[in-house]
Amino acid sequence: MIIPAIDLLDGQSVRLLKGDFNAVTKINLNPVAQAQEINRAGLSALHVVDLNGSKDGAARNFETILALRKEFVGFMEVGGGIRTLEQIETYYSAGIDRVILGSVALKNPVLVKEAVAKYGDFIAVGIDGDNGRVATEGWLDQSDVTFEALLDAMLTIGVKNFIVTDVARDGTLQGPNLSMLSELQHQFSKANIIASGGIAQVSDLADLRDIGIQDVIVGKALATGNIKLAELVEMED
């Protein structure tokens with residue numbers, strides 16, 4: 001899948017630069033209209049992040065997410081501050097197709113194991129960081145845990161889908177970290193590595209496919225016009 005991204009901050013669609021909450025660019029005051037435009041273009045997948053939630057662990061943009069789910073036709077995944085089984089159940093009951101667990105995967109792997117046992121492939125894990133080390137709490141805290149170590153631990157408990165983001169490239173339009181993504185996909189062949197961060201042009205999507213990455217999240221490049229929605233449709237055909 002090629003999955004356009006909508007990042008929510010205070011109910012609006014925004015983009016951050018390298019995960020910096022002090023470097024915010026407003027994209028659309030009406031995220032629902034943005035999602036409808038994605039649908040009209042012929043795309044049927046959407047990646048949504050509650051940025052407020054990623055900082056404090058509460059679903060601060062839940063009403064907006066519900067509105068997106070009501071209007072968007074197709075696959076919709078949500079991440080950002082999901083740290084309890086109750087939150088997971090709330091999104092499951094709301095008709096979300098997949099939730100992305102981030103900080104909790106590092107800090108409470110037992111909960112992730114329980115969630116996978118109950119919800120199966122509804123659970124994905126986001127692995128975000130810089131220099132090969134995992135960041136948590138909305139990228140505000142840097143750990144000493146490597147991407148490989150966390151991915152291996154999550155695979156062991158049954159997670160199959162991993163959204164991998166090189167924070168240093170996120171929002172920069174510098175291109176994806178092909179070497180890192182290639183190494184992870186090669187080392188963990190049973191994992192579905194979903195690339196996120198740095199996508200700048202259509203050729204980046206082809207490069208990712210060449211290294212075995214099938215699913216890609218596109219955010220900043222759509223906002224700037226570097227990539228058009230119609231081009232993403234062509235890439236999926």
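- With Arg15 as reference, Asp7 is the one residue of Thr25, Thr224, Asp7 to meet the side-chain hydrogen bond (donor to acceptor under 3.5 Å, both in side chains) rule.
- In terms of the side-chain hydrogen bond (donor to acceptor under 3.5 Å, both in side chains) criterion, residue partners of Asn192 (sequence neighbours excluded) are, by chain and number, Asn161, Asp215.
- Heavy atoms from other residues, nucleotides or ligands lying under 6.0 Å from CD of Glu37 number 12 at most.
- A donor atom on one side chain and an acceptor atom on the other are found under 3.5 Å apart for Gln87 and Thr84.
- At distances below 3.5 Å, not a single donor-acceptor pair connects side-chain atoms of Asn108 with backbone N or O atoms of Val104.
- The shortest heavy-atom contact between Ile211 and Ser182 is CD1-N, 3.8 Å.
- For the pair His47 and Ile6, the minimum side-chain heavy-atom distance is 4.5 Å or more.
- Ile194 places none of its side-chain heavy atoms less than 4.5 Å from the side chain of Phe162.
- The backbone N or O of Leu68 lies less than 3.5 Å from no partner atom in the side chain of Glu71, so there is not a single donor-acceptor pair.
- For the pairing with Leu9, the side-chain contact (heavy atoms from CB on, under 4.5 Å) check across Asn61, Val49, Asn52 returns one residue only, Asn52.
- Atom OG of Ser54 and atom CG of Asp128 lie 9.5 Å apart (nearest 0.5 Å).
- Residues Leu51 and Leu8 form no side-chain contact, since every pair of their non-hydrogen atoms from C-beta on lies 4.5 Å or further apart.
- No single ILVMFWY cluster, assembled from side-chain heavy atoms under 4.5 Å apart, contains both Ile3 and Val159.
- Using a 4.5 Å heavy-atom cutoff, the side chains of Arg209 and Met235 are in contact.
- Rounding to the nearest 0.5 angstrom, the gap separating the CD atom in Glu148 from the CE atom in Met180 is 9.0 Å.
- When hydrophobic clusters are built by joining Ile, Leu, Val, Met, Phe, Trp and Tyr residues whose side-chain heavy atoms come closer than 4.5 Å, directly or via intermediates, Leu208 is grouped together with Val233.
- Nearest heavy atoms, Ala200 versus Ile227: O-CG1, 3.9 Å.
- Pro31 and Thr64 make their closest contact through CG-CG2, 4.1 Å (heavy atoms, listed as atom of the first residue, atom of the second, distance).
- No path of Ile, Leu, Val, Met, Phe, Trp and Tyr side chains, each step under 4.5 Å between heavy atoms, connects Ile100 with Val167, placing them in separate hydrophobic clusters.
- Looking at Val125, Val112, Leu101, Val145 one by one, the single match for side-chain contact (heavy atoms from CB on, under 4.5 Å) with Leu106 turns out to be Val145.
- In this structure, Pro176 and Leu181 have side chains that are in contact, with non-hydrogen atoms separated by less than 4.5 Å.
- Annotation: Tyr91 is in aromatic contact with Phe62 [ring centroid separation under 6.0 Å].
- Annotation for Leu232 and Pro4: closest pair CD1-CG, 4.4 Å, computed over non-hydrogen atoms.
- Taking the side chain as every heavy atom from C-beta outward, Val218 and Leu205 approach each other to under 4.5 Å.
- No side-chain donor-acceptor contact under 3.5 Å links Glu77 to the backbone of Ile96.
- Ser13 approaches Gln34 most closely through the heavy-atom pair OG-OE1, 2.7 Å.
- Heavy-atom neighbours of Tyr92 OH from other residues, nucleotides or ligands within 6.0 Å: at or below the threshold of 12.
- The hydrophobic cluster containing Met1 does not contain Val202, counting ILVMFWY residues as joined when their side-chain heavy atoms lie under 4.5 angstrom apart, directly or transitively.
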Please report the C-alpha distance between Glu86 and Thr90 in whole Å, then the side-chain angles of each, then the deciding distance to 0.1 Å, and finally whether the side-chain hydrogen bond (donor to acceptor under 3.5 Å, both in side chains) criterion is met.
-> CA-CA 6 Å; Glu86 290 77 14; Thr90 298; over 6 Å; no

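- The shortest distance between side-chain heavy atoms of Asp121 and Lys160 falls below 4.5 Å.
- Formation of a donor-acceptor pair under 3.5 Å by the Gln214 side chain with backbone atoms of Ile193 is not found in this model.
- Note: the hydrophobic cluster containing Leu85 also contains Ile157 (ILVMFWY, side chain heavy atoms under 4.5 Å, direct or indirect links).
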Run the numbers on Ile123 and Tyr119 for side chain to side chain contact (heavy atoms under 4.5 Å, CB included), then give the verdict.
-> CA-CA 7 Å; Ile123 305 299; Tyr119 297 100; 4.0 Å; yes

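- Within the model, atoms CG of Leu155 and OG of Ser189 stand 9.0 Å from one another, a figure rounded to the nearest 0.5 Å.
- Remark: the Asn177 side chain and the Ser179 side chain contain an N/O donor-acceptor pair separated by less than 3.5 Å.
- Here Thr156 contributes atom OG1 and Lys113 contributes atom NZ; the two are 10.0 Å apart, rounded to the nearest 0.5 Å.
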For the pair Asp152 and Phe188, evaluate side chain to side chain contact (heavy atoms under 4.5 Å, CB included) and give the outcome as yes or no after the intermediate values.
-> CA-CA 8 Å; Asp152 184 56; Phe188 301 100; 3.7 Å; yes

Go through Val134 and Thr146 one step at a time and tell me if the side chain to side chain contact (heavy atoms under 4.5 Å, CB included) criterion holds.
-> CA-CA 6 Å; Val134 178; Thr146 65; over 6 Å; no

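- Taking CZ of Arg40 as the reference point, atom CD of Gln36 lies at 6.0 Å (rounded to 0.5 Å).
- When all heavy atoms are compared, the tightest approach of Ala191 to Gln185 is O-NE2, 3.0 Å.
- Note: Asp56 CG to Asp50 CG = 8.0 Å, rounded to the nearest 0.5 Å.
- With a 4.5 Å cut-off on side-chain heavy atoms, Val116 and Phe122 do not count as touching.
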Could you walk me through whether Asp97 and Arg69 pass side chain to side chain contact (heavy atoms under 4.5 Å, CB included), step by step?
-> CA-CA 10 Å; Asp97 297 291; Arg69 176 67 286 179; 2.8 Å; yes

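- Formation of a donor-acceptor pair under 3.5 Å by the Asp204 side chain with backbone atoms of Gly175 is not found in this model.
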